[in-house]
Amino acid sequence: TRRLNMIEAINEALAIMLERDPDVIILGEDVGYFGGVFRATAGLQEKFGKTRVFDTPISECGIIGVAVGMGAYGLRPVPEIQFADYIYPGLDQLVSEAARLRYRSAGEFIAPMTVRSPFGGGIFGGQTHSQSPEALFTHVSGIKTVIPSTPHDAKGLLISAIEDNDPVIFFEPKRIYNGPFTGFYDKPVEPWKKHRDSQVPEGYYKIPLGKARTVREGEALTVLVYGTMVHVAEAVCEARGVDAEIIDLRTLVPLDIEAIETSVKKTGRCLIIHEATRTSGFGAELSALVTERCFYHLEAPVDRVTGFDTPYPHSLEWAYFPGPVRIGEAIDKIMSE
Amino acid sequence: TRRLNMIEAINEALAIMLERDPDVIILGEDVGYFGGVFRATAGLQEKFGKTRVFDTPISECGIIGVAVGMGAYGLRPVPEIQFADYIYPGLDQLVSEAARLRYRSAGEFIAPMTVRSPFGGGIFGGQTHSQSPEALFTHVSGIKTVIPSTPHDAKGLLISAIEDNDPVIFFEPKRIYNGPFTGFYDKPVEPWKKHRDSQVPEGYYKIPLGKARTVREGEALTVLVYGTMVHVAEAVCEARGVDAEIIDLRTLVPLDIEAIETSVKKTGRCLIIHEATRTSGFGAELSALVTERCFYHLEAPVDRVTGFDTPYPHSLEWAYFPGPVRIGEAIDKIMSE
Amino acid sequence: KAAAKPTPAPSAPHGRQKVLASPAVRQRAKDLGIDLSEVKPAADGRVRHADLDAFLSYNGANGFASAGT
Amino acid sequence: KPGAQPRPDEACEASETAPLTLDLIRVLGDDNQAHGPWDPKLDADTLRQMLHHFAMVRAFDARMYRGQRQGKTSFYMKCTGEEATSISAAMALASDDMVFPSYRQQGILIARGYPLVEMINQIYSNRGDKLKGRQLPIMYSSRENSFFSISGNLATQTPQAVGWAMASAIKGDTRIAATWVGEGSTAEGDFHSACTFAAVYNAPVIINVVNNQWAISSFSGFAGAERTTFAARALGYGIAGLRVDGNDPLAVYAAERWAANRARSNSGPTLIEHFTYRAEGHSTSDDPGAYRSAHEGEEWPLGDPVNRLKKHLIELGEWDEDRHAAMDIACAEEVKAATKEAEKNGILGHGLHHPFHTMFEDVFETLPWHLEEQAAQAIHEREVKWPEGKKP
Amino acid sequence: KPGAQPRPDEACEASETAPLTLDLIRVLGDDNQAHGPWDPKLDADTLRQMLHHFAMVRAFDARMYRGQRQGKTSFYMKCTGEEATSISAAMALASDDMVFPSYRQQGILIARGYPLVEMINQIYSNRGDKLKGRQLPIMYSSRENSFFSISGNLATQTPQAVGWAMASAIKGDTRIAATWVGEGSTAEGDFHSACTFAAVYNAPVIINVVNNQWAISSFSGFAGAERTTFAARALGYGIAGLRVDGNDPLAVYAAERWAANRARSNSGPTLIEHFTYRAEGHSTSDDPGAYRSAHEGEEWPLGDPVNRLKKHLIELGEWDEDRHAAMDIACAEEVKAATKEAEKNGILGHGLHHPFHTMFEDVFETLPWHLEEQAAQAIHEREVKWPEGKKP
Ligand SMILES: Cc1ncc(C[n+]2csc(CCOP(=O)(O)OP(=O)(O)O)c2C)c(N)n1
Ligand SMILES: Cc1ncc(C[n+]2csc(CCOP(=O)(O)OP(=O)(O)O)c2C)c(N)n1
Ligand SMILES: [Mg+2]
Ligand SMILES: [Mg+2]
Ligand SMILES: [Mg+2]
């Protein structure tokens, strides 16, 4: 193992899959010659050629649409959507076509694509470079939603996603591409190389989709979280000295319900954290599931800490962001019930 | 008041608003000369002319996109999307543009449009004429989601929606256009004219957005429901003799939280019903809210009865539909806890 | 247990007397065979584990067996 | 006019086709003979085979339409008057070229020999339906016949076809892709994506725009037809474009073959507008009387393609009225027999559907826990509704 | 070549413009004189005003770029080399014609006299920002100046412009709409919707495609430029199309005025391709060195529009180098002064932002309960972080 940041880990996963499987191809805006606006595909076109890694017209509909056709042919496309905020023009091809193709053709045709897309805020990107639309995809049958939180996981999950025969949306928390941001925006962010989970094995390895990761064990409270917020949650629990069990979901669909149930039944308290807007965010589903499955174990109301129900504002982004204060107070409240 | 079915009530609301406000215009696929595939706009072009009511190219993106521009000009467009299943190509214009225009321009420009769209299943329409995508819109900040369940409400809510200065998505439960379907698909559906809520006042009246309707009062259980499922819920409670308080939400965003809280605190039990797929459906948000706000009053887990997490299947649609058996068993379970 | 006791309560004018408690407290009470409405709640009207404990030790003195932890 | 259109080399510059995008390629004249450079010079056997496919589709449409009216299924769509745009086009392709049709190209399946019984099973969504009753009638899929799964969402198949063609090119495969889309549907953004990607990557694909002049109740002007032709869209992207009389089976065949040869030799994509006429209602849910005059249909603006091909064959001395009448009867019989056969597997809503568990299969490759739970619920509900022994 | 392009009547058939979609309308020659029928014959005052706007935008871009580098804001985008495509075009419109720009048309605001301080307030997202700090820098909005709110989502403004124009026509208003979209962005479905709706409803709109040859790192070929021009897209829809040298201020003015007159007289929409060159990086987040050669930029393929206009004025005897140098200094001073003024309202991230409650306003016309609750939470958090007296 070496220490990699998240972009390097993703780049490595892509390179490995391009190498191993001649049917894997990468397409998207600026992913080819330039290597992607976040450099996730840097060097890949040079290494694998223009038929394996190529730039596309600026049409998310076209990018996903041709990927559906390529999947039907037998390729395993890995399209990039430059920012999750820009996925909507391609949404119909993703939710009405890719996600339903296996079902509607009774398995005759499949869409084994992995749509990579940077998501989330905290980079002063304003309302169109900061969104977290993951909940929308979890409502659609037939698509898997995967969100890594560390370089180690990013590589292993991305390889699993690419090998998966179902369409996967792979959201990359761009705020932590370069370091595990903990929500203390006025302090410098540590680089990944200092973090335990930047240890990335060389070569091919997989992390199964649908399996959560216990970030730390605890008895007092279960925290359900994913992406950037994993690190914020961890830092806050650390700072408050709460004996929290932090579960990084890694995959929203399919969900590791067993890990969730076991933990909440143990702790009797559950806090859910995400950066996305609150109403009908994935936190709502988690809250409903916990209530349905762990009801009589609950000592306190399941609570959600989320982004607000507004567009992501440019200048007030740290007021919007579900940071240490919001999380800390929610923890205090749950623990005091 | 006269007795109208839902299509007639909607048609009347549109006619009244076209009459009252010269800035109201109607556009959509087949809405003009023909009067809409469900006849909701029948006669309106003839009466108000081709500049007020007109057919469009088959481009949901264009329909919503031009409506945004028309709204910016000062018109009050009422676009129709022929089936909710076909809204995705126009989703970006709706969620990234219409919904955020007031916010991003700090009120300089608004998008006071009402997007009407038939939704829901039960008509053997297969997976592309049966969807209930309302949850997606509730996750987006800046758009209101309205769903009527009776001719009386349809007219009053639609008038409110059109007069509202925010974008509204107005989902019409197509299964009950002609009669209040109660889920007993093997029995003939009564026509609206026999139903109490087909009494529709003549002329202009409004039902405020954000106010739920108590369909019936009860002490034993709160049922949160909207659209077609209101009638199914009522029939099942009737059949089982459960003293349920049935709340027809009418507006999902903004939600009538007061009505919900008051009722659940009274009954201590809550069942949520919708036809949409379960995972991350609006039921999840309702469940989370009830848990957050009525936790210590709950005597049983909040439960959801929903469509399954599959595309709407053509031949097995009654196995998919959250009908009397699924609802009845859920009620029994909640009441036995 | 759908049948509602028509005992009027000041806070819930239309229904049976409501006991406020977390599901975990309700479950424990149920396991212990305790009717929550007989437990004296705290000032905020809610029954907590401590209130159950107090109820148990009070009734324990009257011959009930302790449920342990 | 028939025979007057020049036929450029298949490897020509796209711009050379510009005049053809505003013209109308025709081969069959009023004299029922083939004219000009676009005459595909098909032998009589091939022509008779084509005619037979035409007759079969028409017989099939007639019976399925009636079946829907009789309550055997929920929905049906005819292609009356447009038979050549699918059948003649499909015959000009290799049988393993991949097609991405819209919902009105049942002719392709017929031309490729897909069994009628399978089609009817799908339409009835019965126990024999290979798509497990999941799809609306006529939304076929046949991987074996290189026929892509039909979507209810208009125009989505067009960029998919381009993607398939790009994949074929990447892999050095000789197969090409062809897609069909209604003129009304060309307004969708997907169509624009398809044309843009086809142009940028020089994809070996044929984009067939079936301009039947109607989109449900909206005449083609609402897709822009009053401004220019649909073939002219090709000019906008700098790809080859042809406009063909879609009711002239020979012209359709020739145009499609031209485009197929062009694609196969890596000379690029072609957009073909098939100018035709939707002779019947949009679907069984439609009432065309509400928006177009009753005799508009009778006028068959371009002439019934079946009739035109029949007369051509008679003119060639290769066919006669008696054989034609006999063929029509034989087709009707064959369809009837297939219908009977399919009905053994059940009709819609009469119980002989696929087992409830199939509803949860193929959402994903394997069932995650939540679908397993939901499947158990559905099966449980079935038992509640129809306890052991009671027929569902 | 300059002056050689015919200028059809503004009310001509769209098809008459076909040759112009493949040509390049030019007015200014190497001799720095205006040539041919497209010469807009502007008076010297107007030309000087135009030149002043050019200089001002360039000074503004230079300073804002530096400001971003100095950490005063998060983001900036220059329009260097493309000044004419917004300024000269805007000057050819009526001041109350509605514009739907993309993000690189700051020139329109300058041309319409929008105060620099307001622009900078927006860029700094400070307390003075009329958009309340909500939008990414340069995403201006000014209803007063008939300048539509800029979106981060590419091409979405194009059907909106068409809708505005349709509304104007419905209301019998004489105002027209104009929109700007990058050549890369024409691949989006929205652009296709815009063209289709413009064609179908004959909307009084101008669709300006700014072909600056680059879309971030992707050259225009990825939008289809190797196949045909972007102006040729107009042919596909049967609307008028013009292709103009976007670095020739007189040609841009003339083409835009032609299209405006056409639209205003109800003769229909026009698509104009402005062929130009993005002389700098895509934005402050970009590193063009990674994908294009360093001297590509230096070559200024079509000649710097500022320089060309300056030389023309000098050639006319209406300008000289000294006045030009003085103007540049004056512009820089004016920008500097405006910057100072704006900085009094704060710079990004330094506390002088709008109050927290504004974050929840304008989501809807009035705040529903859930936003009221969330606003209270945000304000509470503020108090926790910065208790009374402690500066945030
Ligand atoms: C995205 C989408 N929007 C709307 C519809 C509803 N719809 C079904 S068919 C149709 C008309 C299509 O007309 P055309 O493309 O000309 O094809 P034709 O029916 O004439 O073959 C419409 C609007 C749909 N299926 N998908
Ligand atoms: C829908 C959408 N997709 C992708 C992006 C990311 N993006 C921002 S600018 C840009 C390039 C646009 O190029 P072009 O249209 O040529 O405009 P230019 O920058 O050259 O003015 C891209 C891909 C976006 N903003 N919106
Ligand atoms: Mg995959
Ligand atoms: Mg058609
Ligand atoms: Mg560009």
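Bear in mind that the values here come from a model prediction, so they are computed numbers and not experimental data. Here is how names work: the chains are called A, B, and so on, in the same order as the sequence lines, proteins then strands, and each is numbered from 1.
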**OP:** State, without any angle test, whether A/Glu108 and D/Ser149 hold a side-chain donor-acceptor pair at a distance under 3.5 Å.
**Re:** no
**Message:** Under 3.5 Å, is there a donor on one side chain and an acceptor on the other for A/Gln93 and D/Gln160?
**Reply:** yes
Please look at [X] and chain A and tell me whether the side chain, the backbone, both or neither of the residue comes under 4.5 angstrom of a heavy atom of that chain.
X	answer
D/Met98	side chain
D/Glu373	side chain
D/Ile150	backbone
D/Thr158	neither
D/Glu365	both

What one should report as the nearest heavy-atom pair of A/Tyr103 and D/Met359 is OH-O, 2.7 Å
Heavy-atom nearest pair, D/Asn153 first then A/Asp92, reads ND2-OD1, 3.3 Å
Residues 100-131 of chain D vs chain A, non-hydrogen distance cutoff under 4.5 Å, contacting residues -> D/Lys130, D/Leu131
Against chain A, residues from residues 190-202 of chain D with at least one heavy atom under 4.5 Å, in numeric order, are D/Asp190, D/Ser193, D/Thr196, D/Phe197, D/Val200, D/Tyr201
- Query: Distance-only, no hydrogens or angles: does the D/Trp369 side chain make a donor-acceptor pair with backbone N or O of A/Leu255 under 3.5 Å?
  - Reply: yes
Within residues 21-31 of chain A, the residues sitting under 4.5 Å from chain D by heavy atom, in sequence order, are A/Pro22, A/Asp23
Among residues 43-56 of chain A, those lying within the under-4.5 Å heavy-atom range of chain D are A/Thr51, A/Phe54, A/Asp55, A/Thr56
State whether the number of non-hydrogen atoms from other residues, nucleotides or ligands found under 6.0 Å of A/Tyr33 atom OH is greater than 12.
-> no
Ranking D/Met166, D/Lys132, D/Glu144, D/Met139 by heavy-atom pairs under 4.5 Å to chain A gives rank one to D/Met166
Ranked by heavy-atom pairs below 4.5 Å to chain A, first place among D/Arg143, D/Glu361, D/Gln157 goes to D/Arg143
CD1 (D/Ile170) and OH (A/Tyr73) are apart, to the nearest 0.5 Å, by 9.5 Å
message = Would you say that D/Ser151 contacts A/Glu97 through its side chain, given a criterion of any heavy-atom pair below 4.5 Å between the two side chains?
response = yes
Honestly, the part of A/Ala72 sitting under 4.5 Å from a heavy atom of chain D is both
Under 4.5 Å to a heavy atom of chain D? For A/Ile257 that would be both
